[in-house]
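Everything on this sheet refers to the single structure shown next.
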Amino acid sequence: MCVTRKYAPPGNNIYCATNIRIAGLDLDSWVDNIHIPNNFIYKCNVRFLIEKQYTCTLSHCLDIQSDSLSYVARIFENMSVLKVALTGLSKCVRHTCSPMLRTISTSTPLCQGIPGSVWNLGRLNHIAIAVPDMEKATALYRDVLGAQVSDKVPLPEHGVYTVFVELGNTKLELLHPLGDKSPIAGFLQKNKSGGMHHICIEVDDINAAIVDLKARNIRTLSAEPRIGAHGKPVMFLHPKDCDGVLVELEQA
Ligand SMILES: C[C@@H](C(=O)O)C(=O)SCCNC(=O)CCNC(=O)[C@H](O)C(C)(C)COP(=O)(O)OP(=O)(O)OC[C@H]1O[C@@H](n2cnc3c(N)ncnc32)[C@H](O)[C@@H]1OP(=O)(O)O
């Protein structure tokens, strides 16, 4: 799906295309009337967030039948006002200044937000494959399939050796057990020839994601985010809560 210029009048940014009405008021009047700290930036960002959440519906006229106060409460529930102010402003500037951004693909975070949520799912970072023989697996991707592969890196804190295979649009992470308590050892016991172990998806705010997912009863597999293979905070989600797939979220 593509949202193109035809939905937006020339000279305006994409958000002008949607006529959003909340609780019977147009968005501007509604934002003017809401009782949040009397600060222009806060109001700007509330407006921005609502537009951001709803523009992708492709609707020219969107009626949100919602009690205005509870709607604001939901928006503020999961966010720090400062973060919203900064994110909102920088995104507003980008969207008003660059005509290129009038074309939005569904793979951008813009189209993936959940109404009222302050975090967005990003790109697929990697797919991890547990392998019983790292040298053999590396040789397969490097010598037989012709991919660029990284060096083998030990990550004792995760109980794994890793090799990354570059694929252009994403990566494969080959995993082999390191140490007695490696989570990969148990997996390989059950899957002797190896197999897909997890997928890793980027998120723009891992802490907000964790709070939100925990509230939705999705189990996280460590108390706090840990530093993953790319030196960034990561969190694993229980496969039983993710349709049988072990999901790793990585801070983008
Ligand atoms: C460096 C870093 C990075 O990329 O940044 C990494 O890759 S670290 C990569 C390694 N680190 C991790 O995997 C950390 C997160 N993983 C974990 O906490 C654990 O491995 C669990 C996923 C919770 C599995 O725990 P454990 O092996 O003790 O339990 P288990 O074997 O009894 O499994 C419980 C149930 O989950 C299923 N299960 C286990 N591993 C699975 C997997 N990878 N994908 C899908 N399902 C899986 C089992 O089949 C079983 O289902 P049934 O009951 O139906 O039989």
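When a ligand or atom number is given, it counts from 1 through the structure's own listing order. None of the values given here were measured: they were computed from a predicted structure.
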Atoms of ligand 1 close to [X] [distance to a heavy atom under 4.0 angstrom, numbered from 1]:
| X | result |
| --- | --- |
| Gly228 | 5 (O) |
| Ala229 | 1 (C), 3 (C), 5 (O) |
| Glu248 | 2 (C), 3 (C), 4 (O), 5 (O) |
| Gly244 | 45 (C), 46 (N) |
| Glu173 | 1 (C), 3 (C), 4 (O), 7 (O) |
| His126 | 4 (O) |
| His197 | 13 (O), 42 (C), 43 (N), 44 (N) |

Proximity to ligand 1 by part of His198, non-hydrogen separation under 4.0 Å
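Near ligand 1, His198 shows its side chain, while the N, CA, C and O stay back.
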Taking everything shown except Asp151 itself, do over 12 heavy atoms lie less than 6.0 Å from its CG?
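Open.
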What protein heavy atom lies closest to [atom]? Include the residue and the distance to one decimal.
| atom | value |
| --- | --- |
| atom 15 (C) of ligand 1 | Phe236 CG, 3.7 Å |
| atom 35 (C) of ligand 1 | Lys240 CE, 3.7 Å |
| atom 1 (C) of ligand 1 | Leu155 CD1, 3.5 Å |
| atom 17 (C) of ligand 1 | Leu221 CD1, 3.9 Å |
| atom 11 (N) of ligand 1 | Pro183 CG, 3.4 Å |
| atom 40 (N) of ligand 1 | Phe187 CD1, 4.1 Å |

Donor-acceptor contact below 3.5 Å, side chain [X] vs main chain [Y]:
| X | Y | value |
| --- | --- | --- |
| Thr220 | Leu237 | no |
| Asp133 | Lys136 | yes |
| Gln251 | Ile206 | yes |
| Arg226 | Glu157 | yes |
| His176 | Val163 | no |

For residues [X] and [Y], determine if any side-chain heavy atom of one lies less than 4.5 Å from a side-chain heavy atom of the other.
| X | Y | result |
| --- | --- | --- |
| Phe236 | Leu246 | yes |
| Asn125 | His230 | yes |
| Cys200 | Leu124 | no |

Contact bool for [atom] (protein heavy atom, d < 4.0 Å):
| atom | answer |
| --- | --- |
| atom 26 (P) of ligand 1 | no |
| atom 19 (C) of ligand 1 | no |
| atom 47 (C) of ligand 1 | yes |
| atom 13 (O) of ligand 1 | yes |
| atom 43 (N) of ligand 1 | yes |

Which distance, rounded to the nearest 0.5 Å, do you find between the CD1 of Ile127 and the CD of Glu248?
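Going from the CD1 atom of Ile127 to the CD atom of Glu248 covers 12.5 Å.
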Leu213 CG to Ile218 CD1 distance, which is reported to the nearest 0.5 Å:
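Leu213 CG to Ile218 CD1: 5.0 Å, rounded to 0.5 Å.
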Any nitrogen or oxygen of [X], main chain or side chain, under 3.5 Å from a nitrogen or oxygen of ligand 1?
| X | answer |
| --- | --- |
| Pro239 | no |
| His238 | no |
| His158 | no |

Contact between [X] and ligand 1, counting heavy atoms under 4.0 Å?
| X | result |
| --- | --- |
| Lys190 | yes |
| His230 | no |
| Cys200 | no |

With a 4.0 Å cut-off on N to O distance, would you call Glu135 and Lys152 a salt bridge?
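Between Lys152 and Glu135 there is a salt bridge, with a charged N closer than 4.0 Å to a carboxylate O.
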Can you name the closest pair of heavy atoms from Pro154 and Leu178 and give their distance?
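Result for this residue pair: CB-CD2, 3.9 Å.
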Compare every heavy atom of Gly122 with every heavy atom of Ile201, then report the nearest pair and how far apart it is.
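Closest approach of Ile201 to Gly122, heavy atoms only: CG2-O, 3.8 Å.
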Evaluation steps, side chain to side chain donor-acceptor pair (under 3.5 Å), between Glu173 and His197:
CA-CA 9 Å; Glu173 179 187 42; His197 184 261; over 6 Å; no
